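Down below is the structure, laid out as structure tokens.
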Amino acid sequence: MKGMTIIQMLQKAAIESLQSLYNQPFTEKDFQVSQTKPEFEGNYTVVLFSLTKSLKKSPEALGKELGDELIKNHSHIFSKYNVIKGFLNLTITDDHLLDLLNRNYNDVCFGKHKINGKKIMVEYSSPNTNKPIHLGHLRNNFLGWSVAEILKANGYDVIKSCIVNDRGIHICKSMIAWQKFANGATPQTTNTKGDHFVGEYYVKFNGELKKEVDELKNKGTDEEVAEKQAPIMQQAQAMLLDWEEGKPEVIDLWKKMNGWVYEGFDVTYKRIGSYFDITYYESNTYLLGKDIVKEGLAKGVFFKEEDGSIWIDLTEDGLDKKIVQRRDGTSVYITQDIGLAKQKYEEYKIDKSIYVIGDEQNYHMKVLKLIAEKLDLPNAKNIYHLSYGMVELPSGKMKSREGTVVDADEIIDEMISTAKHHTEELGKVKDFNEHELDDLYETLGLGAMKFYLLRVDPKKRMVFNPEESIDFHGFTGPFVQYTYARIQSVLRKVGQQSTVDSRQSTELLPLEKELILTLEQYSSIIEQAANELNPSVVANYVFDLAKTFNSFYTEHSIANADSEEKKQLRLQIASMT
RNA sequence: GGUUCGGUAGCUCAGUUGGAUAGAGCAUCAGCCUUCUAAGCUGAGGGUCAUUGGUUCGAAUCCAAUCCGGAUCACCA
């Protein structure tokens with residue numbers, strides 16, 4: 001019975017008992033097993049209603065017979081039971097829980113599954129090189145990172161990837177603005193983080209464009225026309241053509257400015273703990289897909305219009321017709337993506353491909369998957385779009401034009417300094433040195449932020465209130481510390497508590513029991529999160545775990561330990577993230 | 001309009017394959033405490049689970065319709 005969760009064991013035991021009692025076969029689908037609600041006595045509950053019909057017995061009688069049988073055959077696991085209506089509540093013996101604990105508390109792989117040989121690529125982050133990372137990107141990063149780690153824990157070989165959008169008209173906009181207004185300024189001369197520096201010129205471009213458009217409008221030009229005719233826009237368009245032709249001075253400028261941005265991104269990524277096994281650059285991949293078009297035409301998946309443009313007809317799948325190549329022969333976004341998808345399969349032989357992309361691209365991803373399937377790309381069915389909703393502010397949507405974007409670096413700084421402020425006020429860290437303190441604050445601040453972005457179901461859009469979200473009340477402090485701590489370390493701590501404890505009896509305290517039972521769920525929660533590809537399951541679970549642990553932490557000997565011991569514990573926690 | 005996702009406490013959100021009296025944090029109120037008057041402790045109040053109908057022993061959960069909100073429906077990426 002090793003390696004099984006208590007629920008699995010209970011299911012198995014109940015099936016055996018039912019079969020010997022009533023002489024007919026049962027499966028785990030015939031009844032339900034869940035954790036007992038706190039207001040009732042017991043730890044696990046068998047729900048019997050579904051059995052009453054076929055067995056023609058009252059729920060109470062059935063509960064009593066099954067309860068007696070389970071205790072008779074498994075007295076080392078179940079100590080007692082009670083029946084309320086159709087619910088059979090079973091209590092797990094302390095011995096069994098202690099055994100669980102002793103088996104697991106030194107296991108560094110606790111909760112992890114064996115390697116299953118499957119390869120998964122998780123593509124996330126996808127920044128543009130014309131502006132810094134903002135709050136929405138952070139949600140993306142944390143989601144992608146978490147899903148990747150959850151899959152790893154479930155035994156998958158995970159490749160983290162990132163596609164950088166480093167070319168196109170928007171990039172040229174900041175380049176033009178820099179040429180016109182910077183007078184040779186650089187991040188170094190202005191002492192600005194590279195991505196912020198470039199972002200400023202993107203903003204400047206838009207400001208200048210607005211001025212020029214307004215001027216044209218005053219002369220009676222239509223707004224749409226004015227936007228196209230504005231000199232600065234035409235300069236940007238011209239620059240894009242130069243870039244595509246590979247004009248050296250444009251390429252040099254492009255490399256220089258992107259370099260600044262990457263330096264800035266590096267700092268932020270390091271800070272939030274993101275990294276990628278492979279980074280794709282759109283400037284390298286935007287021509288991919290030309291072959292795909294040929295292949296699709298040959299297979300009859302695509303068709304050519306009279307004007308030379310190439311399309312796919314998806315009306316049978318409930319969608320529209322979609323263009324895959326313009327009449328001038330250049331490829332569109334979707335074609336590049338298919339090209340990249342194909343390349344990913346060819347390079348890595350991945351079994352599954354996960355894209356962490358906002359929900360405004362739901363339609364696009366649906367089309368992508370359909371085309372991939374129709375072209376018979378390998379594992380096309382295993383393309384999965386992990387779609388997530390926008391992050392909004394209490395004041396409404398974030399809009400870069402109106403300057404209401406929450407910058408990632410700023411919000412991280414704010415979280416960390418709030419963590420510092422609160423911790424100092426609580427005064428529990430007087431014996432920490434400066435370096436240790438910085439680590440601690442970083443852990444606290446980032447932990448709080450990760451939690452508040454991850455606990456919401458990805459597909460829902462969410463409101464992030466910087467004022468309220470930086471919340472270090474009550475158990476949140478310890479919670480934050482443990483959010484990203486490895487669970488087995490917590491387990492070990494509890495194990496030591498229980499085994500090293502000077503108490504004579506082996507009876508568990510209610511809190512210990514609760515904690516062990518909560519930890520017991522860990523692997524099934526991780527598994528569920530991997531199946532649903534939903535990290536919020538884990539975040540909310542850890543929240544519960546932390547509440548339990550916090551009670552334990554405050555009420556137990558850790559709270560009575562001298563300050564050196566406390567310090568060690570806190571350092572250990574900080575280093576576990 | 002078509003497609004699609006959402007609507008749960010004053011606010012932000014959980015709620016497992018349909019199960020017991022729908023939960024948490026914040027906010028509010030009461031009490032505890034006070035040399036710096038608390039990011040602390042105990043407790044309380046707060047719900048038509050958008051609406052209506054259906055499925056059944058049993059529905060926030062499944063089905064249908066309606067209302068409200070978001071996203072999307074480009075030879076942009």
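Numbered from 1 within each chain, the chains take letters A, B, ... in sequence-line order. If you're wondering where the values come from, they're calculated on a predicted model, not measured in any experiment.
In this structure, A/Lys460 reaches the B/rG7 phosphate: one of its side-chain N or O atoms is under 4.0 Å from OP1 or OP2. Neither OP1 nor OP2 of B/rG15 sits under 4.0 Å from any side-chain N or O of A/Arg455. Contact annotation: A/Lys37 reaches the phosphate of B/rA20 (side-chain N/O to OP1 or OP2, under 4.0 Å). The phosphate of B/rC76 has OP1 or OP2 within less than 4.0 Å of a side-chain N or O from A/Arg326.
The separation of B/rU4 from B/rA22, taken at their P atoms, amounts to 34 Å, rounded to a whole angstrom. A gap of 16 Å separates the P atoms of B/rG18 and B/rA64, to the nearest Å. The P atoms of B/rU55 and B/rC11 are separated by 34 Å, rounded to the nearest whole Å. For B/rU17 and B/rG6, the P atoms lie 15 Å apart once the distance is rounded to whole Å. The P atoms of B/rA65 and B/rG23 are separated by 32 Å, rounded to the nearest whole Å. Comparing B/rU28 with B/rG10, their C1' atoms are spaced 9 Å from each other, to the whole Å. Distance noted for atom C1' between B/rA24 and B/rC62: 27 Å (whole Å). Nucleotides B/rG70 and B/rC13 are separated by 16 Å at their P atoms, to the nearest Å.
Using modelled atom types and a 3.5 Å distance limit, the side chains of A/Asp166 and A/Thr129 yield no donor-acceptor pair. Side-chain contact check for A/Gln361 and A/Tyr333: at least one donor-acceptor pair (N or O, by modelled atom type) lies under 3.5 Å. For A/Asn362 and A/Ser387, the side-chain atoms include at least one donor-acceptor pair closer than 3.5 Å. Looking at A/Asn141 and A/Ser125, their side chains do bring a donor and an acceptor atom within 3.5 Å of each other.
Here B/rG15 presents its P atom at 9 Å from CD of A/Gln528, a figure rounded to the nearest Å. Summarising the geometry, the separation between CD1 on A/Ile357 and C1' on B/rU72 is reported as 15 Å, rounded to the nearest angstrom. Atom C1' of nucleotide B/rA77 and atom CD of A/Glu244 are separated by 13 Å, given to the nearest angstrom. Atom CD1 in A/Ile323 sits roughly 12 Å away from atom C1' in B/rC76 (whole-Å rounding). Computed from coordinates, the A/Arg461 CZ to B/rG69 P distance equals 11 Å when rounded to whole Å. What separates OH of A/Tyr452 from C1' of B/rA24 is a distance of 10 Å, to the nearest Å. One atom, OH of A/Tyr363, and another, P of B/rU72, lie 13 Å apart when rounded to the nearest Å. Regarding A/Gln11, its CD atom lies at a distance of 13 Å from the P atom of B/rU17, rounded to whole Å.
Among the atoms of the strands shown, base atoms are found under 4.0 Å from some heavy atom of A/Asn89. Nucleic acid contact class of A/Asn362 (heavy atoms, under 4.0 Å, all strands): none. At the heavy-atom level, A/Thr45 lies under 4.0 Å from base atoms of the strands shown. Within the 4.0 angstrom heavy-atom criterion, only backbone atoms of the sugar-phosphate kind lie near A/Glu282; the bases stay farther away.
For A/Phe49 and B/rG58, the ring-to-base geometry does not satisfy the stacking test (centroid distance below 5.5 Å, interplanar angle below 30°).
Pairing partner, B/rC76: none, since no Watson-Crick or wobble contact has both distances short of 3.5 Å. The nucleotide B/rG43 finds its pairing partner in B/rC29, both defining distances of the Watson-Crick or G-U wobble pair being shorter than 3.5 Å. Pair check for B/rA59 finds none; no Watson-Crick or G-U wobble contact set falls under 3.5 Å.
One donor-acceptor pair, N or O on each side, does fall under 3.5 Å between the base of B/rC75 and the side chain of A/Asp307. Taking only distance into account, the side chain of A/Ser536 never meets the base of B/rA14 through a donor-acceptor pair shorter than 3.5 Å.
For A/Glu532, the listed nucleotide lying nearest its side chain is B/rU17; candidates were B/rC73, B/rC75, B/rU17. Listed nucleotides: B/rG19, B/rA77, B/rG6. Nearest to the side chain of A/Phe87: B/rG19. Distance from the side chain of A/Lys366 is smallest for B/rU3 among the nucleotides B/rU3, B/rG6, B/rA71.
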Q | Intermediate values then yes/no, ring pair (Phe, Tyr, Trp, His ring centres under 6.0 Å), A/Tyr286 and A/Trp243 | A | CA-CA 13 Å; A/Tyr286 82 109; A/Trp243 183 90; 5.7 Å; yes
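Note: A/His137 and A/His134 have tilted aromatic rings, judged against thresholds of 30 and 60 degrees for the angle between ring planes.
The 5' end of RNA chain B is approached more closely, in terms of each residue's nearest nucleotide, by A/Met462 than by the other of A/Trp311 and A/Met462. Between A/Val456 and A/His170, the residue anchored closer to the 5' end of RNA chain B is A/Val456, taking for each the nucleotide with the nearest heavy atom.
You'll find the ring centres of A/Tyr281 and A/Tyr262 inside the 6.0 Å limit.
In this structure the side chain of A/Leu446 never reaches within 4.5 angstrom of the side chain of A/Met415, judged on heavy atoms.
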